2 protein chains.
Amino acid sequence: MHQMIENKIQPLLNYISQYVELTDTEKQLLLSKVLYRKYLKGQYVLQQGDICKYECFVLKGCTKMFHVDETGQEHILLFSIEDWWTADMGSFITQAPSDFNVMCLETTELAIFHHDSIETLYKEIPKLERFFRQVIEKAFAASQKRIVRNFSLSAKDRYIYFKTQYPLIEQRIPQYMVASYLGITKEFLSKIKKQLLLDN
Amino acid sequence: MHQMIENKIQPLLNYISQYVELTDTEKQLLLSKVLYRKYLKGQYVLQQGDICKYECFVLKGCTKMFHVDETGQEHILLFSIEDWWTADMGSFITQAPSDFNVMCLETTELAIFHHDSIETLYKEIPKLERFFRQVIEKAFAASQKRIVRNFSLSAKDRYIYFKTQYPLIEQRIPQYMVASYLGITKEFLSKIKKQLLLDN
DNA sequence: TTAAAAAGTTAATCTAGTTTAACATTATTT
DNA sequence: AAATAATGTTAAACTAGATTAACTTTTTAA
């Protein structure tokens with residue numbers, strides 16, 4: 001039973017096992033609640049203005065989470081590759097319209113926790129509450145540090161940090177999206193890269 | 001028993017009751033683990049380079065959490081007043097040296113969860129794990145939105161947002177700290193305020 | 001295999017916000 | 001009440017990064 005989904009979401013099970021150990025019963029319950037879905041490149045998992053119904057774990061592929069401001073400019077908050085999460089936590093917990101879009105940059109397979117079933121899961125598998133608490137703690141800590149980096153580092157240093165911190169991501173996405181993630185224009189990132197070449 | 005601390009940390013108990021309902025036994029257990037401490041204006045709750053041992057709930061007073069960069073510049077991440085939290089989550093969960101300072105801007109009373117006792121609390125009162133998960137979810141969502149605002153809004157608009165969102169905080173702290181929180185210089189904030197006066 | 005679309009580069013001009021430095025005002029301490 | 005420290009203001013000169021626009025390279029699709 002659930003054999004097919006179990007194979008597909010194996011990376012999620014491995015990931016969870018880094019935090020908590022599930023019994024077979026718990027694992028079966030989890031499998032009955034977690035959804036698997038495959039998206040094509042360019043498809044939206046979430047759109048600005050919609051309510052975020054899912055917390056998504058990336059099994060395979062790559063997504064970007066971004067906000068489009070009043071001037072039409074796109075601001076990328078997050079790239080999510082294998083073993084990372086994507087969702088608008090604010091919209092998910094309040095069930096209010098989201099400020100963010102999540103779009104697939106490659107063919108992407110997700111393990112999805114639906115808002116309607118996550119409470120049941122927490123109640124029936126308290127370990128999962130522990131698991132999510134820890135995952136969110138990590139994400140929150142990373143987010144705080146990013147705010148400070150954005151204040152204290154120059155665009156050049158932020159780029160260097162990004163390169164060293166996420167070398168795998170840089171190879172999978174166009175440069176103009178890196179610029180957006182760093183909060184600068186593609187033209188300026190181009191300038192920075194040229195300068196870094198000259199430095200060496 | 002615990003009568004004294006119960007009185008002192010009453011605001012924390014009220015706050016928790018917005019999320020979960022504790023039995024009397026659970027409350028007593030909580031009281032036996034939570035610390036109460038009063039700090040004077042100017043005292044540090046946490047210093048950059050130290051390991052963050054506490055998650056602190058502000059019962060009364062006001063703190064700032066900030067990072068000092070290599071050039072000696074101070075970057076304020078967070079002001080915490082009554083019913084809000086302060087801690088370097090990153091350092092707390094990894095028990096690695098912190099990048100942040102937490103300093104009291106007024107005489108401040110804190111309810112303190114020590115790293116050594118929080119695991120026990122989670123185990124003995126699973127509801128508290130639920131409580132903290134929800135608190136952190138909210139903080140994480142706020143942090144993500146702040147990153148986007150910092151990218152998409154001008155300094156002027158960020159200040160207007162701050163004013164409307166945290167009118168009480170603005171009245172309690174010097175203007176140059178607001179500037180630091182917004183990621184701009186005090187001189188430029190001064191300019192912005194003058195311009196806003198002229199606008200009306 | 002070629003056209004079209006998407007992504008990246010370059011350089012000139014411009015601007016939001018910084019730096020510096022001098023001065024003004026408000027709190028705090030004696 | 002005076003002295004000192006802390007906070008806030010103003011203005012001129014400066015700079016990191018944006019904008020605009022023309023161009024090149026790479027990728028995708030017909």
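Chain A is the first sequence line, chain B the second, and so forth, proteins listed ahead of strands; every chain is numbered from 1. This one's a predicted model, so the numbers in the text were calculated from it and none came from an experiment.
- At D/dA18, one or more side-chain N or O atoms of A/Thr185 fall inside 4.0 Å of OP1 or OP2 (strictly under the cut-off).
- The phosphate of D/dA16 has neither OP1 nor OP2 within less than 4.0 Å of any side-chain N or O from A/Ser154.
- Each of A/Lys41, A/Arg172, A/Lys38 was compared with A/Glu106 under the salt bridge (Lys or Arg N to Asp or Glu O under 4.0 Å) criterion, and only A/Arg172 meets it.
- Of all nucleotides listed (D/dG17, C/dG8, C/dT18), C/dG8 comes nearest to the side chain of A/Tyr176.
- Phosphate contact (OP1/OP2 of D/dT7, side-chain N/O of B/Lys193, threshold under 4.0 Å): absent.
- A ring-ring contact (aromatic ring centres under 6.0 Å, His included) with B/Phe132 is found for one member of B/Tyr15, B/Phe113, B/Phe140 and no other, namely B/Phe113.
- Nearest-nucleotide positions on DNA chain C for B/Lys41 and A/Pro174 put A/Pro174 closer to the 5' end.
- In this structure, the nucleotide among D/dA16, C/dA11, D/dG8 sitting nearest to the side chain of B/Gln175 is D/dG8.
- Comparing A/Gly183 and A/Lys186 along DNA chain D, the residue whose closest nucleotide (by nearest heavy atom) sits nearer the 5' end is A/Gly183.
- In this structure, the nucleotide among D/dT7, D/dT9, D/dG17 sitting nearest to the side chain of A/Ile184 is D/dG17.
- Close placement of the B/Tyr54 and B/His114 rings is indicated, their centers lying within 6.0 Å of each other.
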Should B/Ile184 and B/Tyr159 be marked as a side chain to side chain contact (heavy atoms under 4.5 Å, CB included) after you check the CA-CA gap, both sets of side-chain angles, and the distance that decides it?
CA-CA 10 Å; B/Ile184 59 178; B/Tyr159 172 61; 5.9 Å; no
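- Comparing A/Glu187 and A/Lys156, the nucleotide of DNA chain D nearest to each residue sits closer to the 5' end for A/Lys156.
- Of the side-chain N and O atoms in B/Arg158, one or more sit less than 4.0 angstrom from OP1 or OP2 of C/dG17.
- Atom CZ in A/Arg172 sits roughly 17 Å away from atom P in D/dT27 (whole-Å rounding).
- Among C/dT9, D/dT9, D/dT7, the nucleotide with an atom closest to any side-chain atom of A/Ser190 is C/dT9.
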